[in-house]
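Presented below is the structure to which this report refers.
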Amino acid sequence: MSELAKAYDPNPISDKHYENWLQSGHFHAEPSSEKPPFSIVIPPPNVTGILTLGHVLNNSIQDILCRRARMQGKEVLWLPGTDHAGLATQTKVEESLIDAGTSKDEIGREAFLEKTWEWTEKHGGIIIEQLKKIGCSCDWEREKFTMDDDYYDAVSEAFVKLYDRGHIYRGYRMVNWCPSTQSAISDEEVIATPQNSKLYTMKYEVVEEPGTFLEIATTRPETIMGDTAVAVHPEDDRYKHMVGKHCRRPFPQADIPIIADDHLDMEFGTGVLKVTPAHDNADFEIGQRHDLPVIDILHPDGSVNCPDVPELNGLDRFKARNKAAEMLEEMGLLIKTEKYKNNVGFSERGQVPIEPRLSEQWFLKYPKTQETLSAVLNGHVKFHPERWTKVYQHWLDNIQDWCISRQIWWGHRIPVWYKNDEIKCQKNSPGEGWTQDPDALDTWFSSWLWAYQTMDAECQKKFYPTSVLVTGPDIIFLWVARMIFAGLEFEPSGTSEMKQNIPFKDVYFTGLIRDNRGRKLSKSLGNSPDPLDLVTKYGADGLRFGLLRVAPQGLDIRYDEKQIEEGRNFCNKLWNACRFRQMQGDIDPNANPYDHQLSSYAHLILKQTDELIEKVDKHYDNYQFNQVAGTIYGFVWTQFCSRYLEAAKADFNDESSATRAGTLATFDFVLSRILRLLHPFCPFITEELWLDLNYGEDTIQFAKWPQRLETNWDEAATTQAEKIFDALDQSRSLRGEFGISAKQKVKFSLKLSGELASGDQAILESLMSAESLELITEAPARTPMVLTTLGDLFLPLDGVVDIEKEIARIEKALIKVDEDITRENKKLSNTKMIENAPAEKVAEWRQVLADAEERKAKLTEQLSHLK
RNA sequence: GCGGUCAUAGCUCAGUGGUAGAGCACUACACUGACACUCUAGGGGACGGUGGUUCAAACCCACCUGAUCGCACCA
């Protein structure tokens, strides 16, 4: 047993223990184990990503669940891995190529993929090392990557299966096009973003009625060249008569029909809509209904493709917008330009507005939507907090086909082959002359197999379905729902039973971390701290505990570094409590307090420990980690350190104390439970203290999870201890009122209401740091007094007492007592209340009233003595 | 527009029907033999508003206000 340092220095300890844990294989999950299984698959971070506070929160929670499960005797699999993040990684590699003076198209597909693998190997795995720094107990032997050969094959096979079952099709349809990455993206990756735009009102001349103009409002004059009609509402009296006629598109000049369509809102703008079927979802549908031609006037990069209008041709779409407005102005067709706020869809990755664009893409028509919904509604999968089920249901009720093809190279290539007019869907080339589809699959198309494809057959048998998924609600559609689909569709259990195929039983949604002004953490705002800096400053345990303590279930977190500092301070507090214990010597790992004579406060802390275990278990089971942390924090700091430990000093300083051995045994008993309860949150410091204090031979990681004692408490003793602490608090207040410092030795007199054992008296005397504590039967005159549950406590001040001050103090106390009496009287004089309230409540109120009246009598008497 | 969430001390938040809580911040005190990453004391709240249910509402219900997040959007 090494002597503990005066201050807790987390980092050397953490590194030492993590190294040991890795070498001992403690994180290994054994599929052949007899123990009940507990499993979690990590939400795979981007392979080239770096750790954020969000990751810390998310992975700490998973670690907490896993570590507790191990202590509860379960066989735990926490399966780690990373995601290839197709678009995100490809973008980074492309940028590096441009910096090097080349480009992906220049070097070609094969060389590009080689570069990307190099990049992945160079930058990949950083986040894995960072996760180790914060203590994550993943089974690293099983680390998976979505581009591993076997995983790659599985993704292709999944595609082929769905194709064969008729769920996947190719179609020329309107998709969300990201001009920045030049790829289609799914609806879920489009973020509606409020924009300050302009609404242009222009006029088109009616061909059949020269001199008559239709006024049209638009936010996108740069798409005029793609207009193939102008639409009005069929019941709009202003325009009804125009339907069937034509109006003149200004550039390139052409006559386009005026049509009637129900889609229009007569209230909006002028009630006339320019119809651009190639560049707007709604317009496309109108075009379909009216058989309008589709004119695509944009290049894939978002620049204008319209040689007939040389002024605009080749311009970027936003420049073209301004230019088109200028042209309208010059032609005298622009009536007005107004400021206008609207929502524009942005590409999540590319950070630019998306273009609705027609293109040939692969789509998945989701199978088993009913089952996917009912898995959650029936409670096979439980969401925490539950309200997310509503969001989930809403999405499923309105589900659209999933565009799964991406015009990128880094990812799982679509397993479809073409030769002349033939198409074959299979993993490998059908032979000579066949060319593979150039596109890759949406990254999420690989992620959705993650819950089982990460496991080998043996592990699947033991650990699938997994126990719980911990993730953010922002990917409820992108990932969570789709994993449920995958489980139900591909039936990894080998049976068709729903319960065996759903990928997880519980889903815990974490909150979002925001800064102290409520903004999201982001690199561009510079408000995103580096978790590793925080680890350096406060230790991994401090970071974990501090963060978890302020992370309420299902709500966003206002992050402040102060909170992490508090976490570190808490660890230091615990450290020093253990250091204090160590100074007393003689640690018995199997100490049983009940073998010894116990002081009243030892009885109290034992009972409180039992209550602690109950509360902590309850909060754990409800996934209320902030409550777990808060409960342990309060217990350690207040009950254990400020009360029990301070009281114990009296015993430890007195060699002859009859309760000394019992106090020591109680100390070890309680502390060893605190360490175990805290281990999931603070794995490093608890391991260190566990070993230093010799509470177990080996590691704390598999120490038995504390159980309640459920013994018959010595109620008399615990009540007495509470009274003693009340008397202590009151004595301190009294000192404070009269400006007597805490260490200044003073005499106290106590007129007991009940009994006080001599041992307890000695402890109280010591805690009050009193010169003496005299038991008296007569109240002394002109002496400051305070009422306690133990009795009336007097502070004789040998004539130096400020009587006016004491009178004021007592009068203030009387006001408070009168308020209590009034309140209780009001309740008790209400006959309805007496009749309807439970008898025990009424009795309670009567007791409160009686107590208050007794206090009032005493205070009144004291006041009369003073005056 | 539809749906969700939140509103309690200066700040961050606990508190599921019966006397308003914690941490931080603030004020004062103490370099007390575990800890200054500390100790002790103190001040500070008509629990967003209005109604309703109830013997009893911070808590349950309705509406309102404000903030925030999804989803769908009108060009």
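Numbers restart at 1 for each chain; the letters A, B, ... are given by sequence-line order, proteins then strands.
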_Bracket notation of RNA chain B in which parentheses pair within the strand, [ ] cross earlier pairs, and | pairs with another strand (Watson-Crick or G-U, under 3.5 Å)_ = ((((((((.[[[[.)..(..]]]].(((.(.......).))).....[[[[[..)....]]]]])))))))....
State which of [options] makes the closest approach to the side chain of [X].
X	options	answer
Lys827(A)	C69(B), U19(B), A34(B)	U19(B)
Asn342(A)	A34(B), A75(B), C71(B)	A75(B)
Asn626(A)	G18(B), A14(B), A41(B)	A14(B)
Met833(A)	A34(B), U40(B), G18(B)	G18(B)
Phe580(A)	A34(B), U40(B), G43(B)	A34(B)

Can you find a donor-acceptor N/O pair under 3.5 angstrom joining the side chain of [X] to the base of [N]?
X	N	result
Gln730(A)	A41(B)	no
Arg823(A)	U19(B)	yes
Arg568(A)	C37(B)	yes

Below the 4.0 Å mark, does [N] have OP1 or OP2 next to a side-chain nitrogen or oxygen of [X]?
X	N	value
Asn569(A)	U38(B)	yes
Lys649(A)	A34(B)	yes
Lys6(A)	C35(B)	yes
Trp388(A)	C71(B)	no
Tyr340(A)	A75(B)	yes

*Would you mind building the protein contact string for nucleotides 1-7 of chain B? One character per nucleotide, 5' to 3', B for base within reach (heavy atoms under 4.0 Å), S for sugar-phosphate only, - for untouched.*
---SSS-
_Quick check on A58(B): syn or anti? Syn means the glycosidic torsion is within 90 degrees of zero._
anti
_Contact list for RNA chain B against residues 558-567 of chain A - heavy-atom distance below 4.0 Å_ = Arg558(A), Lys562(A), Gln563(A), Glu566(A)
*Apply side-chain hydrogen bond (donor to acceptor under 3.5 Å, both in side chains) to Asp227(A) and Tyr204(A), showing your working.*
CA-CA 12 Å; Asp227(A) 291 358; Tyr204(A) 284 8; 3.2 Å; yes
Enumerate the residue pairs fulfilling salt bridge (charged side-chain N to carboxylate O under 4.0 Å, His left out) with a member in [range], sequence neighbours excluded, ordered by first and then second residue.
range	result
residues 726-740 of chain A	Arg643(A)-Asp729(A)
residues 385-401 of chain A	Arg173(A)-Asp401(A)
residues 260-273 of chain A	Asp261(A)-Arg289(A)

*Lys NZ or Arg CZ of Lys336(A) over Tyr200(A) ring: under 6.0 Å, within 45°*: no
*Would you kindly check if the NZ (Lys) or CZ (Arg) of Arg823(A) is within the cone defined by 45 degrees around the ring axis of Trp845(A) and under 6.0 Å from the six-membered ring centre?*
no
*Using the six-membered ring wherever Trp is involved, compare the ring planes of Phe545(A) and Phe570(A) and label them parallel, tilted or perpendicular (cut-offs 30° and 60°).*
parallel
*Quick one: sort the Tyr620(A) and Phe625(A) rings into parallel, tilted or perpendicular, breaks at 30° and 60°.*
perpendicular
Residues in side chain to side chain contact (heavy atoms under 4.5 Å, CB included) with [X], at least two apart?
X	result
Lys339(A)	none
Glu566(A)	Arg549(A)
Asn653(A)	Lys649(A)
Val848(A)	Glu824(A)

*Using whole Å, report how far CH2 of Trp637(A) lies from C1' of C24(B).*
12 Å
_Trp395(A) side chain to Glu188(A) side chain, donor-acceptor N/O pair below 3.5 angstrom_ =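 Side chains of Trp395(A) and Glu188(A): pair found under 3.5 Å.
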Protein-nucleotides 30-32 of chain B N/O pairs closer than 3.5 Å?
none

What side-chain donor-acceptor pairs closer than 3.5 Å can you find for residues 279-287 of chain A, not counting sequence neighbours?
from      : atom 1 : to        : atom 2 : distance (Å)
His279(A) : NE2    : Asp296(A) : OD1    : 3.4
His279(A) : NE2    : Ile297(A) : N      : 3.1
Asp280(A) : OD1    : Ala282(A) : N      : 2.9
Asp280(A) : OD1    : Asp283(A) : N      : 3.0
Asp283(A) : OD2    : Thr276(A) : N      : 2.7

